[in-house]
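Owing to the predicted nature of the structure, the values given are computational and were not obtained by experimental measurement. The figures here come from the full heavy-atom set of this structure, side chains too, leaving out hydrogens, waters and symmetry mates.
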Amino acid sequence: MDRVEPRTTHSLGEIAGGLAGDVQDLVKGELKLARAEFDQKLHGLIAGAISLVGGALVAFAGLVVLLEGGAAILARWIPTWASLLIVGAVIVLVGGLIARGGLAKLSLKNITPDRTAANLSKDARIMKEHL
């Protein structure tokens with residue numbers, strides 16, 4: 001004969017406590033997943049940044065050689081010191097413009113996670129409404 005276990009009833013407080021524990025476990029799990037994903041992506045970004053810096057250094061060396069060649073060509077018609085001064089001034093101007101554009105992008109406002117903050121506020125509001 002099969003024996004049927006009696007059903008136990010839980011109080012509302014026990015159910016709410018269990019639900020809160022489940023939500024807490026869910027949030028912890030999501031945070032672990034997010035951190036693992038972030039770590040994986042961060043390692044990829046670091047590898048990419050190292051490659052980028054290496055490539056930029058090699059390209060910079062090539063640029064120096066090209067600029068010296070340009071100054072040597074100019075030196076055929078004007079004194080060497082003047083050709084070096086002209087090439088240097090043009091490069092400083094171009095570099096300054098590039099740096100100015102980059103500096104504008106480095107604002108702290110650009111790194112604020114606006115969408116994430118909005119989603120968290122929305123999630124909190126929805127949870128309050130349902131509890």
Please report the closest heavy-atom contact between V87 and G70, naming both atoms and the distance. CG2-C, 4.4 Å
Is there a path from L45 to V53 through hydrophobic residues (I, L, V, M, F, W, Y) whose side chains come within less than 4.5 Å of each other? no
Any chance you could lay out the side chain to side chain contact (heavy atoms under 4.5 Å, CB included) test for K41 and E37, step after step, and finish with the verdict? CA-CA 6 Å; K41 290 185 180 203; E37 184 179 10; 3.6 Å; yes
Can a donor-acceptor pair be found, under 3.5 Å and without considering hydrogens, that links the side chain of S83 to the backbone of A71? yes
Check T80 against A75 and note the closest heavy-atom contact, atom names and distance. OG1-CB, 3.8 Å
Same cluster or not: L63 versus L74, using hydrophobic residues (I, L, V, M, F, W, Y) connected whenever any side-chain heavy atoms lie under 4.5 Å apart? yes
Joint hydrophobic cluster, I50 plus L42, side-chain heavy atoms closer than 4.5 Å: yes
Side chain to side chain contact (heavy atoms under 4.5 Å, CB included), that's the test. Do V90 and L67 meet it? Break it down for me. CA-CA 10 Å; V90 169; L67 293 173; over 6 Å; no
Spell out, yes or no, whether I91 and I78 are grouped together once hydrophobic residues are joined by side-chain heavy atoms under 4.5 Å, including indirect joins. yes
